[in-house]
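Notes for the one structure printed next.
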Amino acid sequence: MPFDLASGLAERRAAHLYRQRPLLEAPQQPEVTVDGERLLAFCSNDYLGLASHPEVIRAMQQGAERWGVGGGASHLVMGHSTPHHQLEEALAEFTGRPRALLFSTGYMANLAAVTALVGQGDTVLEDRLNHASLLDAGLLSGARFSRYLHNDANSLASRLEKATGNTLVVTDGVFSMDGDLADLPTLCVTARSRNAWVMVDDAHGFGPLGKTGGGIVEHFGLGMDDVQVLVGTLGKAFGTAGAFIAGSDDLIETLIQFARPYIYTTSQPPAVACATLKSLELLRTENWRRDHLNRLIERFRQGAARIGLTLMDSPTPIQPILVGSSERALQLSADLRACGILVGAIRPPTVPAGSARLRVTFSASHSEAQVERLLDILAECWNRLAEEPGTDA
Ligand SMILES: *Cc1c(COP(=O)(O)O)cnc(C)c1O
């Protein structure tokens, strides 16, 4: 039998799970052109509005002039250039850890950390709502892999009792599809009582959270004794691309020696590192971006409550509206789009069955007036959706 791809695709379509890629015909900013339509977007992860910042653009241009375009080789061969090294030093200082290691994507950083730290005979325990890259990393590692109930230290503790070998507890800092925070103070105490290490992927916390944008560990005041492996990504609030892992000297050396997703890949273009050095500076120092973002989030949550929307327990720029069925989530997303608002519908398997949602995200580059417009249109579309008979579970 040849591959029957067509029937797999047809099934996905019939289940309202078919994915399409909106074509963005503008830089990252609130008002964009997508598939030829002018839309107000609430679905970017550019939380601080740095992706199109003129100074960040300039830093990348100057970086390209000085360092060329391609990374040229892997870090261990001849691709580790001065901007990469300077960025690693700046990220170590920013996170208050001895060292940081730069990666081309967050997906690779997660694969690298988990597979370098645990293998056969070891144990990796993950929150069941962790990002796909962390779950994939756990499977790839060959370690005993088990998922604990979301944010549940008791569920973690019972799995820790059965753990063998080196044990790594892995969690998102901010859960990417829910926007809630990991209960890190409790999880870290639980892990430490069994000599397990904690790895936090704070892709969505760096930038919005913490006094200087230092993410969930800054928010909770946690050091390297609590979180031994700290991962950040640079494609979200930093507005550029890539990722980093921060931790002890031994951790970073272990990754350089043993992490295959670090070793067997070309370094990121050095000009991207130049851009990130600039965006790191803006992220740390321009507190008004966080303040403004928090005002927008607060205003949205008040307004959404008035409309009767079901939000999640999120203090972050990720503010999902729970809808339930994939069909209704798609309908609401389409209704909003017809009114000029772009918000993505997130469906299974990205989120658990029956919990399809619209993932609204805010950026410091949104204005208060734009949030008001979102609320007005949401009220209209939500009421219309409520009048339509539901056709599926
Ligand atoms: C986006 C994301 C990643 C992947 O990072 P990329 O740099 O986009 O590959 C990893 N973890 C979490 C929690 C994310 O949200």
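In each ligand, atom 1 is the first atom listed, and ligand 1 is the first ligand listed. These numbers come from a predicted model, not from an experiment. FYI, side chains are in, hydrogens and waters are out, and symmetry mates aren't considered; it's all heavy atoms of this structure.
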Heavy-atom distances under 4.0 Å decide this one: backbone, side chain, both or neither, for Thr105 against ligand 1? both
Testing the basics here: between Glu55 and Lys278, what is the closest heavy-atom pair and its distance to 0.1 Å? OE1-NZ, 3.3 Å
Which residue from Lys236, Met108, His204 reaches closest to atom 1 (C) of ligand 1 through any of its heavy atoms? Lys236
With a cut-off of under 6.0 Å to the ring centre and 45° to the axis, is Arg159 in cation-pi contact with Tyr148? no
Show the atoms of ligand 1 that are less than 4.0 angstrom away from any heavy atom in Gly106. 4 (C), 5 (O), 6 (P), 7 (O), 9 (O)
Quick one: nearest non-hydrogen protein atom to atom 11 (N) of ligand 1, plus distance? Asp201 OD2, 2.5 Å
In ligand 1, which numbered atoms sit nearer than 4.0 Å to a non-hydrogen atom of Thr233? 5 (O)
Ring centroids only, cut at 6.0 angstrom: are Phe238 and Tyr47 within range, meaning strictly under it? no
Is the count of non-hydrogen atoms from other residues, nucleotides or ligands lying under 6.0 Å from Arg128 atom CZ greater than 12? no
Show me which atoms of ligand 1 lie under 4.0 Å from any heavy atom of Ser133. 10 (C), 11 (N)
State the atoms of ligand 1, each with its element, that fall below the 4.0 Å cut-off from a heavy-atom position in Asn110. 10 (C), 11 (N)
Nearest non-hydrogen protein atom, atom 4 (C) of ligand 1: Tyr107 N, 3.7 Å
Around atom CD of Gln120, are there more than 12 heavy atoms of other residues, nucleotides or ligands at under 6.0 Å? no
Is Asp335 paired with Arg328 through a side-chain N to carboxylate O contact shorter than 4.0 Å? no
